[in-house]
Participant: 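Let me give you the structure first, and then I'll get to my questions.
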Amino acid sequence: MFDITNHNNIRAPRGNQLHCKGWGQEGAMRMLMNNLDPEVGERPEELIVYGGRGRAARSWDAFEAIVKTLLELANDETLLVQSGKPVAVFRTTPAAPRVLIANANLVPKWATWEHFNHLEELGLTMFGQMTAGSWIYIGSQGVIQGTFETLAALARKHFQSNTLKGRLYVSAGLGGMGGAQPLAAKMLDAVGLLAEVDPDRIEKRLATGYLDKVAPTVAEGVNEALRAKEAKEVLTIAVPVHATELLQYLVDNKITPDVLSDQTAAHDPLVGYIPDDYSVREAAVLRAADPDGYLEKARATIARHVELMLTLTRRGAKSFDYGNNIRRVAYDAGVKDAFEIDGYVPAYIRDLFAQGKGPFRWAVLSGKPEEIYKLDQLALDMFSENEALCRWMRLAKKHILFQGLPARIAYMGYGEREAFGVRVNEMVAKGELSAPVVFGRDHHDTGSVASPYRETEDMRDGSDAVADWPVLNALLNVASGAHWVSFHHGGGTGIGFSLHAGMVVVADGSADSAGRLERVLHNDSGLGVVRHADAGYELSFQTLEQNPVKTPLVGPETQPRRK
Ligand code: NAD
């Protein structure tokens with residue numbers, strides 16, 4: 001058996017020995033443990049997985065109770081998890097999900113950080129981010145293809161190129177997700193220069209192969225980056241300073257990056273953003289002693305940060321908000337032109353969502369990297385005509401080191417996901433893979449989220465804040481038989497700004513799994529296409545023509561509905 005009481009060293013079991021009564025429960029248990037593996041999570045000792053304070057469970061007692069319940073859970077029972085705490089087991093049916101999760105949801109008028117912080121202090125809620133509280137985080141790899149696709153689309157749009165060779169990418173934040181930025185920039189042949197205030201985060205990125213080097217000072221980092229840009233070298237460099245220090249240096253020295261972004265956890269100014277003049281340690285002391293004072297300083301720094309980004313944007317940098325809501329936080333702090341900076345979804349990746357493509361991923365419960373490579377080859381063989389996917393699969397295999405259970409991210413779309421999942425299930429059945437495979441996705445996906453400053457910013461029909469879609473998504477995934485389904489509030493852009501759903505299915509080689517995979521992976525992505533067709537996206541109509549869904553009132557004839 002494995003140990004769940006050594007909280008500094010949680011590690012999911014590997015291999016095909018079943019500890020629970022079914023692979024649905026076993027998959028959920030292993031993925032929860034994997035989120036808290038020190039190789040995977042950012043601060044697992046505090047149950048924090050990534051994204052500011054995105055947690056996997058509300059407390060260690062809750063964590064242990066979840067694991068113990070999953071070990072006992074029958075194949076016709078369902079465990080309910082309320083903001084990271086297991087609250088009940090109900091008799092359902094064998095075809096139902098084994099776990100249902102709701103995290104951080106608040107009645108709209110109460111959906112503010114102030115209410116949330118108060119309820120969290122009382123021990124009544126937990127921030128689940130997107131994949132932390134839904135147990136499908138796979139380390140920095142989970143965002144890297146999204147970052148790669150965003151930068152690739154930017155290169156095509158602004159530089160008419162497939163790469164960023166000879167271009168300088170400047171950003172900040174090397175946390176769980178932000179840590180993927182340098183490697184994504186490297187995959188596009190750019191020079192990356194990133195500010196990160198916490199030296200431990202820089203060390204983690206160096207250790208996991210996401211970053212090339214650290215420069216001791218801003219001046220040295222900038223000089224080296226400019227030299228590499230001039231030589232068209234591919235190099236990524238971190239500087240151990242606040243974002244504002246790096247940007248101020250660039251402004252003062254009239255250096256304009258080609259591409260500019262940010263991935264500090266600015267959506268959560270109290271926990272995810274370190275104000276100017278404070279080290280990480282000093283910030284922790286201030287946060288505990290005077291949270292209001294902390295927030296005031298953090299918001300003032302974020303305002304300055306965005307002012308500096310605006311100056312560089314006006315000098316020609318192609319800048320974008322990469323999903324941390326920094327524009328809105330700065331706007332509320334008085335920067336009224338913050339939205340001159342583009343949002344990355346409408347600017348670069350809406351077309352992918354419109355076709356049902358998003359951050360689909362799988363993890364092999366065997367723990368064997370060679371089984372991921374086998375599945376890489378399967379994807380290359382099955383989708384050889386999909387050039388973008390094949391380009392990605394080759395780059396991923398070459399560049400990405402695994403954290404925790406070996407996993408792979410791939411922006412597969414409508415039709416591709418279920419074809420792949422069902423084929424992998426057959427491989428498990430035939431013993432071509434030595435243990436089951438878990439399939440899931442980020443909540444940051446095509447039909448599963450309402451987030452007006454991110455995934456649904458500037459929708460064609462103005463439906464940015466309509467949150468029926470993620471609710472329908474969660475309900476549909478329950479009805480289709482996902483092994484676990486989650487519904488969260490606040491992920492990505494913070495409390496009050498998003499609602500989103502997730503699902504995971506385990507391929508254990510059985511006919512039951514085959515049916516679940518076929519239904520869930522088809523319906524989940526299909527709903528994303530329908531959501532975008534309903535908003536009037538031509539690409540979605542084309543996608544539906546090839547692979548129709550019964551859509552009584554969705555179609556070009558019901559358009560136009562413009563803002
Ligand atoms: P994280 O909490 O793991 O990391 C944030 C990092 O920012 C930390 O390393 C922290 O030290 C650093 N930081 C904080 N203040 C700083 C400052 N003033 N200067 C320099 N560095 C500073 O968060 P994460 O998981 O990396 O996520 C980052 C943000 O990206 C979050 O807002 C999250 O919601 C968002 N996000 C976006 C996507 C996407 O697809 N676009 C995906 C996941 C997360």
Side-chain angles (χ1 to χ4, degrees), residues 41-43 46 48-55 127-132 137 139-151 171-181 184 194-205 210 238-247 261-281 283-284 297-302 304-305 308 320-329 343-345 348-349 352-353 358-359 409 411 442-445 449 451 453-455 457 488 490-495 497-498 500:
E42 290 300 303
R43 283 184 276 153
E46 295 171 56
I48 291 181
V49 182
Y50 78 106
R53 62 180 113 167
R55 287 192 165 80
F127 191 67
Q129 254 292 355
M130 289 196 161
T131 52
Y137 185 73
S140 299
Q141 188 185 172
V143 74
I144 191 168
Q145 194 187 359
T147 314
F148 172 85
E149 300 293 350
T150 299
L151 292 177
S171 187
L174 290 172
M177 296 286 91
Q181 296 177 95
L194 297 109
E196 167 56 62
V197 75
D198 182 348
D200 289 349
R201 300 295 108 207
I202 295 178
E203 283 309 314
K204 185 155 184 162
R205 295 326 139 205
Y210 275 79
V239 284
V241 297
H242 290 75
T244 46
E245 189 177 332
L246 173 60
L247 299 192
S261 192
D262 177 63
Q263 223 174 351
T264 59
H267 72 276
D268 183 354
L270 182 62
V271 176
Y273 196 89
I274 308 291
D276 281 351
D277 305 323
Y278 285 79
S279 68
V280 173
R281 198 177 294 255
K297 287 182 194 300
R299 287 178 177 140
T301 305
I302 289 171
R304 183 170 163 238
H305 185 160
L308 288 163
F320 61 93
D321 172 327
Y322 194 42
N324 62 356
N325 215 11
I326 193 163
R327 292 171 303 172
R328 176 62 198 237
V329 178
Y344 75 107
V345 175
Y348 304 117
I349 66 166
L352 295 174
F353 285 165
I409 183 99
Y411 268 56
D442 202 333
H443 291 198
H444 167 287
D445 201 12
V449 51
S451 187
Y453 294 125
R454 205 165 103 162
E455 290 87 343
E457 176 173 353
H488 296 189
T493 43
I495 292 295
F497 291 103
S498 63
H500 39 92

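Each ligand, and each atom within it, is numbered from 1 in the order the structure gives.
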Participant: How far is atom 25 (O) of ligand 1 from its nearest protein heavy atom, and which residue and atom name does that atom have?
Facilitator: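 Going atom by atom, the protein heavy atom closest to atom 25 (O) of ligand 1 ends up being Gly51 N, 2.8 Å.
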Participant: Among all protein non-hydrogen atoms, which one is nearest to atom 4 (O) of ligand 1, and what is the separation to 0.1 Å?
Facilitator: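 Residue, atom and distance for the closest contact: Gly175 CA, 3.2 Å.
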Participant: Just by distance, no angles: are the side chains of Tyr322 and Thr147 close enough, under 3.5 Å, to form a donor-acceptor pair?
Facilitator: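 Short answer, yes.
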Participant: Consider only side-chain N and O atoms of Tyr50 and Thr131, and report whether a donor and an acceptor are under 3.5 Å apart.
Facilitator: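 Result is yes, a qualifying pair exists.
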Participant: Counting only heavy atoms, tell me which of Thr131, Ile48, Val143 gets closest to atom 42 (C) of ligand 1.
Facilitator: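 Among Thr131, Ile48, Val143, the closest heavy atom to atom 42 (C) of ligand 1 belongs to Val143.
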Participant: Applying a heavy-atom cut-off of 4.0 Å, say which part of His444 lies close to ligand 1: side chain, backbone, both or neither.
Facilitator: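 The answer is the side chain.
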Participant: Give me the nearest non-hydrogen protein atom to atom 2 (O) of ligand 1 as residue plus atom name, then the distance to 0.1 Å.
Facilitator: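 For atom 2 (O) of ligand 1, the nearest protein heavy atom comes out as Gly52 N, 2.7 Å.
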Participant: Using distance alone, determine whether Asn324 and ligand 1 share an N or O pair under 3.5 Å.
Facilitator: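 No, Asn324 has no N/O under 3.5 Å of an N/O on ligand 1.
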Participant: Which residue and non-hydrogen atom of the protein lie closest to atom 5 (C) of ligand 1, and at what distance in Å?
Facilitator: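 Nearest neighbour among protein heavy atoms for atom 5 (C) of ligand 1, to 0.1 Å: Ala265 N, 3.7 Å.
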Participant: Among all protein heavy atoms, pick out the one at the shortest distance from atom 14 (C) of ligand 1; state its residue, atom name and that distance to 0.1 Å.
Facilitator: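 The closest one turns out to be Gly272 O, 3.3 Å.
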Participant: Give a yes-or-no answer on whether the side chains of Asp276 and Thr244 include a donor-acceptor pair shorter than 3.5 Å.
Facilitator: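 The answer is yes; a qualifying pair exists.
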Participant: Which residue from Ile274, Ile144, Leu194 reaches closest to atom 18 (N) of ligand 1 through any of its heavy atoms?
Facilitator: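 Of the listed residues, Ile274 has the closest heavy atom.
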Participant: Give yes if a backbone or side-chain nitrogen or oxygen of Ala172 is under 3.5 Å from a nitrogen or oxygen of ligand 1, and no if not.
Facilitator: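 Between Ala172 and ligand 1 (N or O atoms, distance only) the closest approach is not under 3.5 Å.
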Participant: Ring centroids only, cut at 6.0 angstrom: are Phe353 and His444 within range, meaning strictly under it?
Facilitator: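 Ring centres of His444 and Phe353 closer than 6.0 Å.
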Participant: Report, in ascending order of atom number, the atoms of ligand 1 lying under 4.0 Å from any heavy atom of His242.
Facilitator: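 Checking each atom against His242, I get 18 (N), 19 (N).
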Participant: Between Tyr273 and His305, is there a side-chain donor-acceptor contact under 3.5 Å, judged purely by atom types and distance?
Facilitator: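 Judged by distance alone, the side chains do pair up.
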Participant: As a check for students: among Thr264, Ile202, Thr244, identify the option with a heavy atom nearest to atom 29 (C) of ligand 1.
Facilitator: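 Nearest heavy atom to atom 29 (C) of ligand 1 lies in Thr264.
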Participant: Any heavy atom of Met130 closer to ligand 1 than 4.0 angstrom?
Facilitator: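 Met130 does not count as a contact of ligand 1 under the 4.0 Å cut-off.
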Participant: Are any of the N/O atoms on Gln263, whether in the backbone or the side chain, positioned under 3.5 angstrom from an N/O atom of ligand 1?
Facilitator: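 By distance alone, the answer is yes.
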Participant: Does a side-chain N-to-carboxylate-O contact under 4.0 Å join Glu42 and Arg55?
Facilitator: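 No salt bridge links Glu42 with Arg55.
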Participant: Is there a polar contact, in the sense of an N or O pair closer than 3.5 Å, between Gln129 and ligand 1?
Facilitator: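 Among all N and O atoms of Gln129, at least one is under 3.5 Å from an N or O of ligand 1.
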Participant: Just let me know how Glu42 lines up against ligand 1, side chain, backbone, both or neither, with a heavy-atom cut-off below 4.0 Å.
Facilitator: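 Near ligand 1, Glu42 shows its side chain, while the N, CA, C and O stay back.
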Participant: Please work out which of His443, Glu196, Glu245 has its closest non-hydrogen atom nearest to atom 10 (C) of ligand 1.
Facilitator: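 It is Glu196 whose heavy atom sits nearest to atom 10 (C) of ligand 1.
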Participant: Do ligand 1 and Leu174 have nitrogen or oxygen atoms that lie under 3.5 Å from each other?
Facilitator: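 No, since none of the N or O atoms of Leu174 sits under 3.5 Å from an N or O of ligand 1.
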